[in-house]
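All chains are named by letter (A, B, ...) in the order of the sequence lines, taking the proteins before the strands, and each is independently numbered beginning at 1. Just so we're clear, the structure is a prediction, and the values are computed from it rather than from any experiment.
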There are 2 protein chains.
Amino acid sequence: MTQSRFAPLPEVPYYAVVFSSLRTTSDDGYDTISARMIELAQKQSGFLGAESARDVSGFGITVSYWKDEESIRNWKSHAEHRIAQETGKTRWYEHYITRVCKVERSYSLK
Amino acid sequence: MTQSRFAPLPEVPYYAVVFSSLRTTSDDGYDTISARMIELAQKQSGFLGAESARDVSGFGITVSYWKDEESIRNWKSHAEHRIAQETGKTRWYEHYITRVCKVERSYSLK
């Protein structure tokens with residue numbers, strides 16, 4: 001139960017996309033599209049999991065994990081995701097940073 | 001102002017430590033030590049910045065950025081940080097995962 005918010009720990013190396021963002025105050029469909037994007041990402045080839053937290057000020061970090069760079073490129077250019085990305089730029093985010101990383105080692109409490 | 005929660009965008013490659021965690025309900029000095037660790041990390045050689053968000057359920061993600069793996073190792077073995085890590089294991093976290101990653105590319109909204 002306590003571990004449901006955590007993504008799995010695949011064997012390294014794999015990839016992480018760290019998306020840090022500050023939301024605007026505009027809602028404007030964000031929750032619906034955000035949930036849809038998670039659902040859609042889970043269906044993509046190479047998707048390994050995701051973790052997400054947003055605090056009350058609207059600042060959040062979402063990390064999605066992928067098998068390789070090709071999976072990340074495919075997801076970035078997915079038609080429905082592209083529309084969401086455009087809406088994000090114009091409506092939902094004051095600012096964001098995306099960092100694509102190679103996970104080299106990992107460990108957990110238990 | 002809106003960008004103050006974001007870490008800088010140094011030239012790649014650099015390193016990211018993604019620490020996802022679920023807090024226990026025990027407070028027990030967490031806020032004080034957590035703030036102290038951020039203050040202390042900022043003084044370490046090779047520290048490039050950090051981003052952090054925790055939601056109301058107690059699930060949070062902190063990403064700290066470092067020049068190289070040596071800086072990460074030094075910070076992990078820092079005496080005061082080691083005490084905090086031990087207390088974290090026994091008191092503050094239900095669960096956590098740490099992933100050490102090499103940042104290969106990054107971009108931002110603006």
Side-chain angles (χ1 to χ4, degrees), chain A residues 1-10 12-25 48-65 69 72-73 76 85-86 88-90 92-110, chain B residues 1-10 12-25 48-65 69 72-73 76 85-86 88-90 92-110:
Chain A
M1 196 277 283
T2 59
Q3 295 183 31
S4 59
R5 299 285 301 272
F6 294 90
L9 277 168
V12 295
Y14 56 100
Y15 279 79
V17 179
V18 179
F19 178 76
S20 48
S21 65
L22 183 66
R23 286 271 286 113
T24 55
T25 48
L48 301 175
E51 295 168 339
S52 197
R54 187 171 302 282
D55 67 24
V56 288
S57 80
F59 185 80
I61 300 174
T62 296
V63 190
S64 58
Y65 300 100
E69 293 205 84
I72 294 170
R73 274 194 301 273
K76 190 172 195 288
Q85 286 170 59
E86 283 311 308
K89 280 181 195 176
T90 54
W92 295 323
Y93 299 117
E94 289 279 353
H95 189 55
Y96 64 73
I97 294 179
T98 304
R99 307 184 208 236
V100 179
C101 317
K102 186 188 215 171
V103 183
E104 298 189 340
R105 52 199 169 88
S106 55
Y107 51 92
S108 68
L109 174 58
K110 287 155 199 163
Chain B
M1 195 278 284
T2 59
Q3 294 182 32
S4 58
R5 298 285 302 270
F6 294 90
L9 276 168
V12 294
Y14 56 99
Y15 279 79
V17 179
V18 179
F19 178 75
S20 49
S21 65
L22 183 65
R23 285 272 287 112
T24 55
T25 47
L48 301 174
E51 296 168 339
S52 197
R54 187 171 302 281
D55 67 24
V56 287
S57 80
F59 185 80
I61 300 174
T62 296
V63 190
S64 59
Y65 301 100
E69 293 204 82
I72 294 171
R73 274 195 301 272
K76 189 172 195 288
Q85 287 170 57
E86 284 309 309
K89 281 179 195 178
T90 53
W92 296 323
Y93 299 116
E94 288 279 355
H95 188 56
Y96 64 73
I97 294 177
T98 304
R99 306 184 208 238
V100 179
C101 317
K102 185 187 215 173
V103 183
E104 297 189 340
R105 53 200 169 85
S106 56
Y107 51 91
S108 67
L109 174 58
K110 286 154 201 162

**Asked** Only one of B:Ser21, B:Ser20, B:Ser57 forms a side-chain contact (heavy atoms from CB on, under 4.5 Å) with A:Arg5, so which one is it?
**Response** B:Ser57
**Prompt:** Looking at A:Val56, A:Asp55, A:Val63, which makes the most heavy-atom pairs under 4.5 Å with chain B?
**Reply:** A:Asp55
**Item:** Partner of A:Phe6 by ring-ring contact (aromatic ring centres under 6.0 Å, His included), out of B:Tyr96, B:Phe59, B:Tyr93
**Value:** B:Phe59
**Request:** Any chance you could measure A:Leu109, atom CG, to B:Gln85, atom CD, to the nearest 0.5 Å?
**Result:** 11.5 Å
**Item:** Inter-residue atom distance A:Thr98.OG1 - B:Leu9.CG, 0.5 Å rounding
**Value:** 9.5 Å
**Item:** Top contributor to chain A contacts, counting heavy-atom pairs under 4.5 Å, from B:Ala16, B:Ser52, B:Gly60
**Value:** B:Ser52
**Asked** So how far is it from B:Cys101 SG to A:Glu104 CD, rounded to the nearest 0.5 Å?
**Response** 8.0 Å
**Message:** For the CZ atom of B:Arg99 and the OH atom of A:Tyr14, what is their distance to the nearest 0.5 Å?
**Reply:** 3.5 Å
**Message:** Tell me the closest heavy-atom pair linking A:Ile97 and B:Ser108, and the distance in Å.
**Reply:** CG1-CB, 3.8 Å
**Asked** Which of the residues A:Tyr15, A:Tyr65, A:Phe19 is involved in the greatest number of heavy-atom pairs with chain B at under 4.5 angstrom?
**Response** A:Tyr65
**Heavy-atom contact with chain B under 4.5 Å, split by part of A:Arg105** = both
**Item:** chain B contact via A:Val18 - which portion, at a heavy-atom distance below 4.5 Å
**Value:** side chain
